[in-house]
Amino acid sequence: MPSPKAKNPNRSGGSPVLGGTGGRCDFMPLTKPLNRPSPQSHLLQRQGSDPTTARLRASESPTRRRGSSSSTGSASGQGLSDEDGIRLNPTFLGVALSSLLAVDLWLSKRMGVCACEDSSWGSVRPLMKLIEISGHGVPWLAGTAYCLYKSDTVAGQEVMLNLLIGLLLDLVLVAMVKGVVRRPRPTYNRMDMFATVSVDRYSFPSGHATRAAMCGRFLLAHLVLAAPLRVLVLLWTGLVGLSRVLLGRHNVTDVMFGFWMGYCQYNLVEMLWLSPQTLLGQLT
Ligand SMILES: CC(C)=CCC/C(C)=C/COP(=O)(O)O
């Protein structure tokens, strides 16, 4: 009977680590080869973990050992190169990242309780979609442009203009990161969002989370709001992020990173702040 290893060559020599995409948990080797894995590297990995074969290897003649490996350096005194040493020892960071990814996929799937109408919290889905719309780029861009047009004070126009710049900057930065990372959305997500662009098929980071964090900070800093309204802004920001996971649109890490990115984007808006003085200075 063929062994499970023979069926799936990717599993040889690796520890079981949860990975994969879109909420699916796959097994993958911790010891990812740097280049294409040679037959020897698989052999070495097995020998490193199996005491019997390790003993057999120790009893081999040095000439044969040298002949069986193309490397000249020795990491463990048995003809292993530095490169083999790297393959054999998964880094702490690698293990930590794989574990974080596994927890992220597991937690996100459990939290996706409004992913469709038949989900356990499917009846709350319309409310979550309303929160989604409140953090969408189109109403924010349209609302800000309208306020800019309607504003009759220079101070008001200055604030609205910079918010508009921030919103456009957010769209560009999120599209760039999504395009580079290309993390697919969870498999259980139903792609029924309105007004999406091509990069929105990717999930990292959550554009709603970046926008909510940036706009939340912006509103708190530039609008004179009473305390209850300030609490409401914070609540709205948190709800937009939470709704992304509940709707099954994103994994938890997409939203966490999105919040962090939006927080930093606000700093960028402050750095690039356009004031009437700057504009007049550039014109004269
Ligand atoms: C078309 C415009 C102006 C904005 C797109 C807004 C949008 C659909 C972002 C995706 O957000 P998530 O990454 O949170 O799903």
Side-chain angles (χ1 to χ4, degrees), residues 20-25 100-144 163 166-167 170-171 173-175 177-178 181-220 225 228-263 265-266:
T21 55
R24 214 180 54 236
C25 299
L100 175 70
L101 192 69
V103 173
D104 181 35
L105 295 178
W106 170 80
L107 185 64
S108 309
K109 197 166 188 176
R110 290 211 65 173
M111 287 178 72
V113 288
C114 308
C116 58
E117 279 78 12
D118 330 321
S119 307
S120 50
W121 285 24
S123 54
V124 193
R125 191 173 161 84
L127 178 65
M128 290 301 134
K129 290 191 81 171
L130 213 62
I131 298 172
E132 173 175 81
I133 293 169
S134 76
H136 195 283
V138 170
W140 272 94
L141 282 170
T144 310
L163 180 56
L167 288 167
D170 168 66
L171 285 179
L173 292 178
V174 169
V177 179
K178 278 188 175 179
V181 178
R182 289 167 182 248
R183 185 185 200 186
R185 287 188 187 263
T187 45
Y188 45 89
N189 168 48
R190 277 176 48 198
M191 203 55 195
D192 57 354
M193 258 188 295
F194 87 98
T196 53
V197 287
S198 63
V199 283
D200 287 327
R201 65 177 181 275
Y202 300 123
S203 89
F204 186 93
S206 160
H208 278 72
T210 58
R211 197 160 28 251
M214 188 191 71
C215 294
R217 274 193 84 188
F218 196 100
L219 295 183
L220 292 180
L225 297 173
L229 277 178
R230 297 179 77 82
V231 173
L232 214 63
V233 169
L234 285 175
L235 214 63
W236 170 78
T237 303
L239 272 177
V240 169
L242 183 65
S243 69
R244 307 311 291 149
V245 183
L246 297 187
L247 281 168
R249 305 258 194 251
H250 288 280
N251 296 303
V252 176
T253 45
D254 304 333
V255 173
M256 301 306 283
F257 186 85
F259 276 152
W260 177 79
M261 191 170 153
Y263 187 91
Q265 278 173 189
Y266 175 76

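Keep in mind the model is a prediction, meaning the values are calculated, not measured. Atoms considered below: every heavy atom in the structure, side chains included; atoms not considered: hydrogens, waters and symmetry mates.
Under the 4.5 Å side-chain criterion, counting only non-hydrogen atoms from C-beta, Leu171 is in contact with Arg211. By the 4.5 Å heavy-atom criterion applied to side chains, His250 and Asn189 are not counted as neighbours. When side chains are defined from C-beta on, Val124 does not count as touching Leu246, because their heavy atoms never get closer than 4.5 Å.
Ring centers of Trp260 and Tyr263: at least 6.0 Å apart, outside the cut-off.
With rounding to the nearest 0.5 angstrom, the CG atom of Leu247 is 8.0 Å from the CG atom of Asp192. Here the CG atom belonging to Leu234 is positioned 5.5 Å from the CG atom belonging to Leu220, to the nearest 0.5 angstrom. Rounding to the nearest 0.5 Å gives a distance of 14.0 Å between CZ of Arg183 and OH of Tyr202. In this structure, Leu105 CG and Leu100 CG are separated by 9.5 Å, a value rounded to the nearest 0.5 Å. Annotation: the span from Arg125 atom CZ to Ser119 atom OG amounts to 7.5 Å, rounded to 0.5 Å. One finds the OG atom of Ser108 at 13.0 Å from the CZ atom of Arg244 (value rounded to the nearest 0.5 Å).
Taking both residues in full, the closest heavy atoms of Asp200 and Met191 are given as O-CE, 3.3 Å, listed atom of the first, atom of the second, then distance. The shortest non-hydrogen separation linking Pro186 to Asn251 is CG-OD1, 3.8 Å. The two residues Ala115 and Tyr188 make their nearest non-hydrogen contact at CB-O, 3.8 Å. Taking both residues in full, the closest heavy atoms of Val252 and Leu107 are given as CG2-CD2, 4.1 Å, listed atom of the first, atom of the second, then distance. Nearest heavy-atom pair across Val174 and Gly207 is CG1-CA, 4.0 Å. Counting all heavy atoms, side chain and backbone alike, Ser203 lies closest to Pro184 at OG-O, 3.5 Å.
The aromatic rings of Trp140 and Trp236 sit tilted, their planes meeting at an angle between 30° and 60°.
A salt bridge is absent between Asp170 and Arg217: the closest approach of a Lys/Arg side-chain nitrogen to an acidic carboxylate oxygen does not fall below 4.0 angstrom. For the pair Asp254 and Arg185, the salt-bridge criterion is not met [side-chain N within less than 4.0 Å of a carboxylate O].
Within a 6.0 Å sphere centred on CE of Met256, heavy atoms belonging to other residues, nucleotides or ligands number 12 at most. Annotation for Arg190: atom CZ counts as buried by contact number, over 12 foreign heavy atoms lying within 6.0 Å.
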### Query
Going through the checks in order, is the side chain to side chain contact (heavy atoms under 4.5 Å, CB included) test met by Leu167 and Met214?
CA-CA 8 Å; Leu167 288 167; Met214 188 191 71; 4.2 Å; yes

For side chain to side chain contact (heavy atoms under 4.5 Å, CB included), just list the numbers for His208 and Val255, CA-CA rounded to whole Å, side-chain angles, deciding distance to a tenth of an Å, and then say yes or no.
CA-CA 8 Å; His208 278 72; Val255 173; over 6 Å; no

